[in-house]
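One structure below.
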Amino acid sequence: MGTVSIGNLVLESGHVLEGAELAYERSGDPAAPVILICHALTGDQYAVGNAEHPGWWSGLAGPGKALDSAEFQIITFNVLGGCNGSTGPLSLNPVTGKTYRSDFPLLTIKDMVHAEYLGLKKLGITKLKAVIGGSLGGMKALQWGALYPYFTESIIPLAVTPAFSGYALAFNHLAIQAIENDPVFRSGYYEGSSDFKGFHLARTVGMVSYRSGKLFNDRFGRSANEKNFEVEAYLDYQGQKLARRFDANSYLILLKAMNSHDVEQQRISVPIFSVSYTNDLLYPADLMIPWLEEQEEAKWKIVDTDFGHDGFLTEFGKWSGAVREFLHEDQRVRAAR
């Protein structure tokens, strides 16, 4: 665990983000090949965690797992623009001496990848075995392959498409409007996120899109208590839970960065192993596979799941073995060259 300073970062917009920092988690043997994990929208750097506090991807990454920390060194950054230690809207602006809040500049996925490249170099990393991530993290994995093919040997994008789809843009629009049109938002200078109803609503919009209708129907149906339907209580709880741990300005920055994601015309030279999930409303396989077919060296797997987009966070037994196989197959091919 730690924080690395990457200095002044020139963004795609031309804005210079001064004194930028990235918080990170680092696991495994420092001399081992490096795997970079990229988290999703509201994730953080604690992908592996420890026995007492397992990380959000401890089912995939850690001792004896598909991303084996006994075999690989595993690094995860809190994304630039986030709110868990990396420079973002809650950070102090060194120019004004005040917290950025809504004055934080807009970012792109490329900005995030450039920042992490600088962070890795500061940490003494000169090569990546692979970059893996889902959703926003999958967008970053794709950009790593596009921007730094000489630095990463392979990419494993999960639950993602080459461009952010119109349907996904529609959900993000609803979430953004829910936040920005709430009077409590106060143009980004709200007092706190925890009681911010627009933020609660934005999260519930996302939750509905992350899982399949079948899963919602099977889990909740029309079950109700004296006050409301169980599905309503579940969504309200999820909105309140996120608002207690996440910052609304960061949420907006990251949503808008996702909106700009597009590598549709990009041809990536490094080996790709992509995983898509059935019932993923936001990133369907039929938008990913035609693009993969045009790449130099790409394989893919479609996982049948009722979890939809959230498939990359669960049911690891269905797909983690394929990830492990790809990593070792790629190792054998490169050793033979």
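Values below: all heavy atoms of this structure, side chains included; hydrogens, waters and symmetry mates excluded.
Within the 3.5 Å criterion, the main-chain N or O of Thr42 finds a donor-acceptor partner in the side chain of Arg245. Within the 3.5 Å criterion, the main-chain N or O of Ile179 finds no donor-acceptor partner in the side chain of Asp182. Of the possible donor and acceptor atoms, none in the side chain of Ser276 sits under 3.5 Å from a partner among the backbone N and O of Pro284. Between the Asn279 side chain and the Thr305 main chain, a donor and an acceptor come within less than 3.5 Å of each other. Although no hydrogens or angles enter the test, the distance criterion places a donor-acceptor pair under 3.5 Å between the side chain of Ser102 and the main chain of Ser187. A donor-acceptor pair under 3.5 Å links the side-chain atoms of Asp111 to the main chain of Glu12, judged by distance alone. Put simply, the side chain of Ser250 gets close to the backbone of Gly81: a donor and an acceptor are under 3.5 Å apart. Using modelled atom types, no side-chain atom of Gln238 and backbone atom of Arg203 make a donor-acceptor pair closer than 3.5 Å. For Lys318 (side chain) and Asp304 (main-chain N/O), a donor-acceptor pair under 3.5 Å exists by modelled atom type. Distance alone, capped at 3.5 Å, places no donor-acceptor pair between the Ser86 side chain and the Gly82 backbone.
The side-chain heavy atoms of Arg186 and Glu191, taken from C-beta on, include a pair separated by under 4.5 Å. Using a 4.5 Å heavy-atom threshold, the side chains of Arg267 and Glu296 count as separate. No side-chain heavy atom of Tyr167 sits under 4.5 Å from any side-chain heavy atom of Leu287. Here the side chains of Tyr189 and Asp103 are in contact, with some heavy-atom distance below 4.5 Å. Residues Val208 and Leu281 are not in side-chain contact: their nearest non-hydrogen atoms beyond the backbone lie 4.5 Å or more apart. Leu17 has its side chain within reach of Leu80: a pair of non-hydrogen atoms, C-beta onward, lies under 4.5 Å apart. Using a 4.5 Å heavy-atom cutoff, the side chains of Pro157 and Ile272 are in contact. Within the 4.5 Å cutoff, the side chain of Leu123 has heavy atoms near those of the Arg26 side chain.
Rounded to the nearest 0.5 Å, atoms CG (Leu292) and CD (Glu294) are 10.0 Å apart. Atom-to-atom distance recorded for Ser27:OG and Gln73:CD is 9.0 Å, nearest 0.5 angstrom. Between atom CG of residue Asn225 and atom CD of residue Glu232 there is a gap of 9.0 Å, rounded to the nearest 0.5 Å. The structure places OH of Tyr117 at 10.0 Å from CG of Leu128, a figure rounded to the nearest 0.5 Å. Rounded to the nearest 0.5 angstrom, Phe216 CZ and Tyr234 OH are separated by 5.5 Å. To the nearest 0.5 angstrom, Ile132 atom CD1 is 7.5 Å from Ile35 atom CD1.
For His39 and Glu25, the side-chain atoms include no donor-acceptor pair closer than 3.5 Å.
Residue Gly43 comes nearest to Asn78 through the heavy atom pair O-ND2, 4.2 Å, listed as atom of the first residue, atom of the second, then distance. Summarising the geometry of Leu327 relative to Phe72, their closest heavy-atom pair is CD1-CE1, 4.2 Å, with the distance given to 0.1 Å. Across every non-hydrogen atom of Ala322 and Phe273, the tightest pair is CB-CZ, 3.6 Å. Contact record, Trp291 with Ile268: CH2-CD1, 3.7 Å, taken as the closest heavy-atom pair. Here the closest non-hydrogen pair linking Ile155 and Ala141 is CG2-O, 3.4 Å. In terms of heavy atoms, Leu107 sits closest to Phe104 at CD1-CE2, 3.8 Å.
For Tyr100, the OH atom is densely surrounded, since the number of other residues' heavy atoms within 6.0 Å is greater than 12. The number of heavy-atom neighbours closer than 6.0 Å to NE2 of His15, taken from other residues, nucleotides and ligands shown, is above 12. Other residues, nucleotides and ligands place more than 12 heavy atoms under 6.0 Å from the NZ atom of Lys127. Crowding of Lys110 atom NZ: a count of heavy atoms from other residues, nucleotides or ligands under 6.0 Å not exceeding 12. Counting heavy atoms of neighbouring residues, nucleotides and ligands inside a 6.0 Å radius, atom NZ of Lys299 does not exceed 12 of them.
Val231 and Leu215 sit in two unconnected hydrophobic clusters of ILVMFWY residues. Membership requires side-chain heavy atoms under 4.5 Å apart, directly or through other members. No continuous path of hydrophobic side-chain contacts links Leu92 to Leu90 [ILVMFWY only; heavy atoms under 4.5 Å]. Residues Leu9 and Phe151 are members of one and the same hydrophobic cluster, defined by side-chain heavy-atom contacts under 4.5 angstrom among Ile, Leu, Val, Met, Phe, Trp and Tyr. Residue Met207 is not grouped with residue Phe307 when hydrophobic side chains (ILVMFWY) are merged at heavy-atom distances under 4.5 angstrom, including chains of intermediate members.
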Discussion item. Please determine whether side-chain contact (heavy atoms from CB on, under 4.5 Å) holds for the pair Leu60 and Lys65, giving the CA-CA distance in whole Å, both sets of side-chain angles, and the decisive distance to 0.1 Å.
Written reply: CA-CA 6 Å; Leu60 184 73; Lys65 303 297 173 61; 5.8 Å; no
Practice prompt. I would like to know whether Arg211 and Arg219 meet side-chain contact (heavy atoms from CB on, under 4.5 Å); could you show each step before the answer?
Written response: CA-CA 11 Å; Arg211 297 187 172 185; Arg219 179 173 177 181; 4.0 Å; yes
Item to complete: Apply the test side-chain contact (heavy atoms from CB on, under 4.5 Å) to residues Asn259 and Ile176: give CA-CA distance (whole Å), side-chain angles for both, the deciding distance (0.1 Å), then the verdict.
Response: CA-CA 11 Å; Asn259 285 350; Ile176 291 167; 4.0 Å; yes
Item to complete: Go through the steps for Ile74 and Trp57 under the test side-chain contact (heavy atoms from CB on, under 4.5 Å), then give the verdict.
Response: CA-CA 12 Å; Ile74 301 173; Trp57 234 8; over 6 Å; no
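Using cut-offs of 30° and 60° for the angle between ring planes, the Tyr210 and His309 rings count as tilted.
Evaluation of the side chain to side chain contact (heavy atoms under 4.5 Å, CB included) rule for Val10 yields Val16 as partners, not counting sequence neighbours.
Between Tyr148 and His114, the distance separating the two ring centers is shorter than 6.0 angstrom.
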